[in-house]
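Have a look at the structure below, then the notes.
For the numbers below, each heavy atom of this structure counts, side chains included, while hydrogens, waters and symmetry mates do not.
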Amino acid sequence: MAKVFSKPGGSALSWGDAVQPALRMLLQPEARLDPYLEMLRLGAEHEDIEARDIVVILALGGALVTGTLVSTDTWERLHLRQLGDHDDILRRVVRHAIGHLDEAAEKRRRPREIDNRFLHLRDVTYRSGRTSYALPAWRGPISAVSGWTLGEPDED
């Protein structure tokens, strides 16, 4: 999929230039991703568009997960902050590992590739039956999503 978002010669396309080829690819019969959910995920990853504050409700195995879509980088920062609340050693280990990934990407003169198998959310509510949990951040496989919509559920 990375080739779709590169110009000949390897330079990155802007979000606006990438939309049409991405849609063509996602709408192929053999595509396994929901093209509309994938476009939202891609929008959250690109900084040159206004994809902030998009709230989604995801159906996952009988549960509902509601939250605001964020980029992988934003999720990593939130995740490190969570780790810092629990264990300073663990936070340093994860930060060190991410630093190595960033350093390796810099040596190749290109940004670290985004793992497109995952969605990232912040300000999450996880609902299963009558139980709900508030979570600061969430990462889950896009392939596990059985349905979705925009917005937040009514409290009724």
Side-chain angles (χ1 to χ4, degrees), residues 1-2 4-5 12-19 22-23 25-27 31-106 110-156:
M1 192 160 94
V4 172
F5 300 105
L13 289 175
S14 72
W15 171 250
D17 292 338
V19 170
L23 275 175
M25 179 193 72
L26 291 169
L27 293 173
R32 294 197 169 118
L33 299 174
D34 178 317
Y36 303 104
L37 184 57
E38 178 63 5
M39 291 305 291
L40 289 175
R41 187 197 65 76
L42 289 169
E45 293 294 347
H46 280 73
E47 295 177 0
D48 64 334
I49 64 164
E50 293 290 325
R52 293 186 289 270
D53 301 325
I54 296 175
V55 177
V56 294
I57 304 168
L58 308 172
L60 293 120
L64 292 179
V65 177
T66 304
T68 304
L69 284 167
V70 295
S71 68
T72 302
D73 287 341
T74 299
W75 177 84
E76 284 177 352
R77 283 192 299 277
L78 291 169
H79 184 64
L80 284 172
R81 190 176 308 144
Q82 282 180 277
L83 291 174
D85 292 343
H86 297 288
D87 188 339
D88 190 47
I89 294 171
L90 185 57
R91 184 185 72 223
R92 281 185 286 166
V93 167
V94 171
R95 186 171 283 158
H96 184 73
I98 290 172
H100 278 296
L101 292 172
D102 288 338
E103 186 178 309
E106 179 61 31
R110 61 181 177 174
R112 184 165 29 113
E113 288 191 25
I114 301 300
D115 189 340
N116 63 3
R117 298 174 298 164
F118 296 95
L119 285 173
H120 301 93
L121 304 176
R122 69 171 165 79
D123 304 326
V124 175
T125 302
Y126 177 89
R127 293 177 179 83
S128 182
R130 294 181 184 203
T131 306
S132 68
Y133 302 96
L135 307 169
W138 179 88
R139 172 182 167 109
I142 198 167
S143 62
V145 176
S146 59
W148 66 278
T149 190
L150 296 172
E152 297 185 38
D154 292 336
E155 295 299 320
D156 296 340

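- The shortest heavy-atom contact between Leu135 and Tyr126 is CD1-CB, 4.3 Å.
- Scanning for salt bridge (Lys or Arg N to Asp or Glu O under 4.0 Å) contacts around Arg117 gives Asp115, with sequence neighbours left out.
- One N or O on the side chain of Ser146 and one on the backbone of Ala59 form a donor-acceptor pair closer than 3.5 Å.
- In this structure, the side chains of Val56 and Thr66 stay at 4.5 Å or more apart for every pair of heavy atoms.
- Closest of all the heavy-atom pairs between Ala137 and Leu78 is CB-CB, 3.9 Å.
- Between the CG atom in Leu69 and the CG atom in Leu121 there is a gap of 5.5 Å [rounded to 0.5 Å].
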Inset, instruction - Check the pair Arg139, Glu76 against side chain to side chain contact (heavy atoms under 4.5 Å, CB included), reporting the backbone distance first and the verdict last. - result: CA-CA 10 Å; Arg139 172 182 167 109; Glu76 284 177 352; over 6 Å; no
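- Taken to the nearest 0.5 Å, the CG atom of Leu60 stands 10.5 Å off from the CD1 atom of Ile142.
- Residues Leu119 and Val65 form no side-chain contact, since every pair of their non-hydrogen atoms from C-beta on lies 4.5 Å or further apart.
- One distance of note links CD1 of Ile57 with CH2 of Trp148; it measures 11.0 Å at 0.5 Å rounding.
- Annotation for His120 and Trp75: closest pair CD2-CG, 3.4 Å, computed over non-hydrogen atoms.
- Val145 places none of its side-chain heavy atoms less than 4.5 Å from the side chain of Asp34.
- Taking CD of Glu45 as the reference point, atom CG of Asn116 lies at 9.5 Å (rounded to 0.5 Å).
- Nearest heavy-atom pair across Asp53 and Thr68 is CA-CG2, 3.7 Å.
- Under the 3.5 Å distance criterion, with hydrogens and angles disregarded, a donor-acceptor pair is assigned to the side chains of Ser71 and Thr74.
- Going from atom CD1 of Ile54 over to atom CZ of Arg41 covers 13.0 Å, rounded to the nearest 0.5 Å.
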